[in-house]
Amino acid sequence: AALRPLLAPLLAAHLRRISPTADADSLEAAVRPVLLPSEQWGDLERWRGNARLLAWLRSAYIASRDETRATLPAADRSLQAYPGILPHAHQIREIFGTRQ
């Protein structure tokens, strides 16, 4: 309840300004003024323990990266070949082009 005043403007900023194709700079420009209104370290105290907010920020940042926007559609198409089956780790590494 204490974070409700903080989360309402953040949600509004998200809905108004952040599109699914927003880049990392656009994401930061939309979110930073809400999370760091005075640009002081003390601003972090209001929300740094909010696990849901941090998870959302991480997810939004990952989605905003050029590499993610290029890789995820191809990965999604590849995973459609395995409907209802959880892919193995080697299949995931192959899809994303990573090595162990």
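What you see below is based on every heavy atom in this structure, not just the backbone, and it leaves out hydrogens, waters and symmetry mates.
Take Arg77 and apply the side chain to side chain contact (heavy atoms under 4.5 Å, CB included) test, not counting sequence neighbours, and it matches Pro73, Ala74. Partners of Glu45 by side chain to side chain donor-acceptor pair (under 3.5 Å), not counting sequence neighbours: none found. Applying the side chain to side chain donor-acceptor pair (under 3.5 Å) test to Ser59 and every residue at least two apart in sequence or in another chain returns nothing.
The CH2 atom of Trp41 sits 9.0 Å away from the CG atom of Leu36 when rounded to the nearest 0.5 Å.
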Working for side chain to side chain contact (heavy atoms under 4.5 Å, CB included), residues Leu57 and Trp47: CA-CA 11 Å; Leu57 289 169; Trp47 54 267; 4.2 Å; yes
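A donor-acceptor pair under 3.5 Å is absent between the side-chain atoms of Asp23 and the main chain of Ser64, judged by distance alone.
Using a 4.5 Å heavy-atom cutoff, the side chains of Asn50 and Trp56 are not in contact.
Listed by first and then second residue, the salt bridge (charged side-chain N to carboxylate O under 4.0 Å, His left out) pairs that reach into residues 28-37 are Glu28-Arg32, Arg32-Glu39, sequence neighbours excluded.
Under a hydrophobic-cluster definition in which Ile, Leu, Val, Met, Phe, Trp and Tyr are linked whenever side-chain heavy atoms come within less than 4.5 Å, directly or via other members, Leu54 and Tyr61 are assigned to the same cluster.
Of the candidates Leu44, Asp43, Leu53, Leu35 forms a side chain to side chain contact (heavy atoms under 4.5 Å, CB included) with just one, namely Leu53.
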